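In this text the structure is predicted, and so the values were computed from the model without any measurement. We're numbering straight along the sequence, starting at 1. All heavy atoms count here, side chains included; hydrogens, waters and symmetry mates do not.
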Amino acid sequence: FQLTDASGRVVSDKTAQSLLPGITITFDGVPMGKVRYHKGIDTFASTLKAGKQPKGMHEVVVHLNVNGAEVSKLVIPVKVV
């Protein structure tokens, strides 16, 4: 995934690196995986290993925290079949 600023531009590598420690991903509220930043393609990535989950709807959430406060989050509904 990529992060953009208020103008819709992808954040700089310097900004991305400074934000990286505040980015977490959860699966149904449980922290999952480590987030990495790939400078060459301006992309954050993570490998999620949620294990066997019950069928139905679940949530993957990307959290962005700055100075200890959540400033943004993206909720991604996931259906396990």
Side-chain angles (χ1 to χ4, degrees):
F1 60 93
Q2 292 181 316
L3 294 179
T4 57
D5 62 17
S7 301
R9 289 176 284 207
V10 175
V11 298
S12 69
D13 289 335
K14 183 177 178 180
T15 299
Q17 289 293 343
S18 71
L19 293 173
L20 186 58
I23 300 173
T24 58
I25 298 179
T26 59
F27 184 92
D28 286 346
V30 177
M32 303 297 283
K34 180 180 176 186
V35 179
R36 299 171 308 283
Y37 179 69
H38 300 281
K39 186 165 97 168
I41 55 174
D42 302 326
T43 303
F44 294 88
S46 183
T47 301
L48 304 179
K49 296 181 181 180
K52 187 171 174 90
Q53 297 296 319
K55 292 180 182 180
M57 295 304 297
H58 299 272
E59 285 186 344
V60 173
V61 182
V62 179
H63 304 268
L64 175 57
N65 297 283
V66 176
N67 296 325
E70 185 170 80
V71 296
S72 185
K73 72 178 178 179
L74 172 65
V75 179
I76 306 163
V78 176
K79 183 176 184 179
V80 174
V81 293

Do you reckon [X] sits in the same ILVMFWY cluster as [Y], going by side-chain contacts under 4.5 Å, direct or chained?
{"X": "V61", "Y": "L74", "value": "no"}
{"X": "F27", "Y": "L64", "value": "yes"}
{"X": "I25", "Y": "F44", "value": "yes"}
{"X": "L20", "Y": "I41", "value": "no"}
{"X": "V75", "Y": "V78", "value": "no"}

Of the non-hydrogen atoms in [X] and [Y], which two are nearest, and what is the gap between them?
{"X": "M57", "Y": "P77", "value": "CE-CB, 3.8 Å"}
{"X": "S18", "Y": "P21", "value": "O-CD, 3.5 Å"}
{"X": "H58", "Y": "V80", "value": "CD2-CG2, 3.4 Å"}

Min side-chain heavy-atom separation [X]-[Y] under 4.5 Å:
{"X": "T47", "Y": "R36", "answer": "yes"}
{"X": "I23", "Y": "L3", "answer": "yes"}
{"X": "D42", "Y": "Y37", "answer": "yes"}

Review point. According to the salt bridge (charged side-chain N to carboxylate O under 4.0 Å, His left out) rule, which pairs have a member within residues 4-17, sequence neighbours left out?
Key: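 Salt bridge (charged side-chain N to carboxylate O under 4.0 Å, His left out) check on residues 4-17 returns D5-R9.
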Review point. If only atom types and distance count, is the side chain of T4 paired as donor or acceptor with the main-chain N or O of V10 below 3.5 Å?
Key: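 Looks like no, no N/O pair under 3.5 Å.
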Review point. Testing I76, V35, T43 for side-chain contact (heavy atoms from CB on, under 4.5 Å) with F1, which one passes?
Key: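 For F1, the side-chain contact (heavy atoms from CB on, under 4.5 Å) check succeeds only for V35.
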Exercise for review: If a pair satisfies side chain to side chain donor-acceptor pair (under 3.5 Å) and one of its residues is in residues 59-81, list it, with sequence neighbours excluded.
Suggested key: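 Side chain to side chain donor-acceptor pair (under 3.5 Å) check on residues 59-81 returns T26-H63, H63-E70.
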